[in-house]
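Below you'll find the structure, written out as structure tokens, and then a few comments.
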Amino acid sequence: MTPIIATDAAAHCADWRLQIEPLNEYEETAIAAEITHYPQPQAATIEALKIVQQQQGWVSDGKIKAIAQRLHMSPDEVDSVATFYNKIYRQPVGTTVISLCDSVSCWIMGYQGLAQALTQELNIALGETTADGAVTILPTPCLGACDHAPVAMVGDQRAHKLTPSSLIELARLAQEQPL
Amino acid sequence: MNATIDNLVTIYIDGSAYQVKAGGHLLEACLGLAQDLPYFCWHPALGSVGSCRQCAVQLYQDAEDQRGRMVMACMTPVAEGMRVSLSAPMASEFRQQCIEVTMANHPHDCPVCEEGGECHLQDMTLQSGHTQRRHKGHKKTYHNQDLGPCVGHEMNRCISCYRCVRFYQDYAGGDDLVVLGSRENVYFGRHQDGCLTSHFSGNLSEVCPTGVFYDKVVSDSYTRKWDLQSAPSICSHCSLGCNLSVGERQGQVKRVTNRYHSQVNGYFICDKGRYGFAHSNSDQRLYQAQVQPLGDTEKVSCDTLHGLDYVAQIMTELGAENVFGLGSPRASVEENFALQSLVGKANFYAGHNAAQGVIQTQVLHQLTQPNIYTPSLKQIEQADAIVIIGEDLLHTAPRMALSVRQASRNLGFAKAAAIGIPKWQDEPVRIHTQNQLSPVISVTSAATDLDDISSQCIHLAPSDMCNFAGALASAVEGQFDGSGLSAELNEQVQHSLALLAGAKRPLVISGASSQSPELIDLAAQLALALGRQSGSEAWLSYALEAANSMGLGLLNKDAKHMDDLALRLQQQTTPSALIVLQTDLFSLSTQAQALCENLRHLVVLDQLPSATSEHADVVIACASVFETEGTYVNNEGRAQRFFSVHDKLGRPDAWRSLTHLATMVTQAGHRSDTITQLASCTKFDDLCDLVSQQGGEFAHWCDVAPSAGFRIAGMKVPRQTHRASGRTSLYADENVSEAKQPEDVDSALGFTMEGTPINKPSALIPQVWSPGWNSNEAINKFQQEINGPLKGGEAGVRLLDTSPSLPLAEVAVIPSITLGAGQILAHTQNHLFASDRVSSLSSALKQRNTAISARLHPDTAAIMGLVDGDEVCVALAQTQWLLPLTVDASVAVDLLLLPNQYQAPISAGHLPAAVSLSAVTQEVN
């Protein structure tokens, strides 16, 4: 008798575990430490994503799967959390990310001028990265500093009461930094 | 005061007073009162989240209040004296604006959308009054994913109601369909393309209020809902008897959808039920009778009457006492009954093997014991502690697994109720209860998909399962001292005992797939012990082998089975014939070959060829479940009628063939009472009358569904919709003159569009439709109250509730399995999409039949010198099976699990058995 073989649907349901990009030693240790803080490993999802992003600059599909395996979740569940937060990057970004607030207060106080000046200076559109990989510009809703509008995050620093020239100055500084 | 009046409150809707049930919410109340109020995110089975803002109504402080304030009906509990308005301009304009915003991004692709014509979004948009698009901007477009062969994905149509993920994750426990992104930029899908793994994924096409998730199989050969000729049906794939609505066009079954039954399947069915219909359209179908006269080497085709005539001659020649019948747990009660009448009770055997025969008599005995009650699927959801022994429900009775999953939430519901959160407040209940679940104890031979909600998962070999069940039953009674059990198992018993201690409504689930009659008995002992502990009736549910296992068991109470027949034929000295009804002997028992050799004639009535029909000298082609009518009795003893969906094949009903045969045999001089009675049946109702004359459990057979004479305003119930199109040209390729619509003398349904689409008896609802409600959400117009019974009452009759206690049939003891040197005990690993001939013909399901391998525990594999991924050879007697090995830590030790695959060399009917296992060594050149 002929043995039964699986149909090509097997490829359709390809096991995601085969596409894991393994965690490095630091990520592994740091995530393990976070897990101990919670009754369920799943609770460490956000921290795990932050740890990987801090190491890699962004979170790849392969790393999502590695985190899923480590936290006993499905990659879909991890990705659901990862894509919810706009500060978790699911695509590669530049060394410095400039998050320019486009919410109502900043809009009133000159967001459009800032955006125009910055995109002209760096010669990229919102959401893009400079060719040298130094800077990415992302529009972002409210940074929680409306009293200092217009504001932006440059790397992990918040910049207040920006003018086109002060923003360009910050962007130039970022570009001059070693990659 | 009367308690039922206590539970009612009076509310005023647009000035009129209504009595509604206390404790519910306003949307439920309004829909229950046949008011039209739009909604998207609320679903009767999923509860309220209040996110779509579509069911806004105006709520007034008192009779003097003229302004009122707007509330969401689905989030507002009803209260005595409450005054609301659905028609207040503030609320109705708000609803209209909400829809306008929702529609801003929705494509106008209705003409090419699978949902068009039965779309909840279309219905609600019209109902709200929004008819003109004002938004001039671009619409968002999305990438669609390949979600496998069953469910299609068209994200552009999404209105972000979140119903899909709430059903898929929260209700059905799936983890591979999620919401991605945030704010106005959300996406419902997977992390990457890939087949949805949930066995309930097909329900997404019904849960989605628009066409994001659609039925891909329907889409491949598409027909609009209004052009389908439909009939109420019962699923033939497992023993639960889910109610289906089946649609046909041009002689092809096009689709299967859920048909609401408040006690059985509710709003959801499994993917096997939904996608497993292709067998009926298969080009492998038998359409003609085949006869192979003695001495000839090949069968010749002929029409059914000639075939039957040949069988009648055989019967006359051999004499009635030498003609045997083998019934089938997959055939209807009426078909089995007709065969039993034809060959006589003494010559009638059930189409299952010895173990299944003993299980059948055990099941009937246990379920008719006075202190035992077998709950419906809806009632299973009320259990507050569940023990599952020896049954991988997701693969053998999937819809029951879904009910168990709901029952596991009862602890949470109780906890929420204690601080005043009603059950329908979905989000607050989940937040308040977090991960706390009612105890579910799962005792299986390997990991199952219910393990995520199980408080205790124990993986044991079959003999240990019996030891465990027995020990737990005595422990509950306080009569267990731990003797005779391993320390580890003893610890597990103590753990289970602690989990079950406070249970008020405990339930024990077991089933036939263990192939262990002892386990069936012990499950009943455990249920009785738990019943006594909780001071209530013992609740016990068995998942059985096939759709009509229970019906066949009731017809065949002495539990005579195929192995008995093989033995009798061995002793038979005169030549004999066997008439087999829809059964493949070779997948049932290793005795099949010997049995066939002892026969002069083998007659098979079936819709599809099988190894048995290859061996037969007469094959009579029969109707599939969608082309005939009949009754299945489900695992709780509920008799439910299914009806033919179409008449394209001229009704080759198996029951009709058998009555014809009876007529021919009578004319040839046979005059036994049962044959004469059968010969007198010309219509299906005559046969039903005969069944009810059997009395006992069958006494109320005629109440299962209205008889063929039933009329509404003088008309039959139409199978077609009132707007069915193309009737005059449908078969123009065959003949340009329009053929007369076929008549149906066997049921109250007509192959017609004339008749009322509403107010039908519950058993006769082909599909749901109500003015303004074209989608399946129209079901709220058919229910007595939301989630309640249908207006026409519950369809079907529970047969065992009034049955006297049935004695155990005297059956031969099944010899225990002894392991020879180097042998290992092999048992079946069920797979929902693989286990039978009928579903193997659905290409969608076939593609989901993956990971076919034998499974072993790592320790056992190490002893045998095998590693994961090895090609192994499993040998049972002369049969060998080569397949890959998976080493799996969840499998019980010293147990080999073999996949239950249709046409596999070793089938489930041959197991459990002692087999030898060896690695296949690759020959090196």
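All chains are named by letter (A, B, ...) in the order of the sequence lines, taking the proteins before the strands, and each is independently numbered beginning at 1. None of these values were measured; they are calculated from a predicted model. Every heavy atom of this structure was used, including side-chain atoms; hydrogens, water molecules and symmetry mates were not.
The environment of Lys50(A) atom NZ is sparse: at most 12 non-hydrogen atoms of other residues, nucleotides or ligands sit within 6.0 angstrom. Shown here is Gln116(A), whose CD atom has no more than 12 heavy atoms of other residues, nucleotides or ligands within 6.0 Å. The number of heavy-atom neighbours closer than 6.0 Å to CD of Glu184(B), taken from other residues, nucleotides and ligands shown, is above 12. The 12-atom threshold is not exceeded at NE2 of His138(B), counting heavy atoms of other residues, nucleotides or ligands nearer than 6.0 Å. Within 6.0 Å of CE on Met155(B) lie more than 12 heavy atoms contributed by other residues, nucleotides or ligands.
Proximity to chain A is limited to the side chain of Asn435(B), based on heavy atoms less than 4.5 angstrom apart. Contacts of Pro141(A) with chain B are made by side-chain atoms alone, with heavy-atom separations under 4.5 Å and no backbone atom involved.
Under the side-chain hydrogen bond (donor to acceptor under 3.5 Å, both in side chains) test applied with His191(B), the options Asp79(A), Thr83(A), Asp76(A), Asp61(A) reduce to a single match, Asp76(A).
Of the possible polar contacts, none joining the Ser80(A) side chain to the Val178(B) backbone as a donor-acceptor pair under 3.5 Å is found.
Annotation: side chain of Gln192(B) is in contact with side chain of Lys65(A) (closest heavy-atom distance under 4.5 Å).
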- Any chance you could lay out the side chain to side chain donor-acceptor pair (under 3.5 Å) test for Gln169(B) and Glu77(A), step after step, and finish with the verdict? CA-CA 10 Å; Gln169(B) 297 180 357; Glu77(A) 288 167 334; 5.6 Å; no
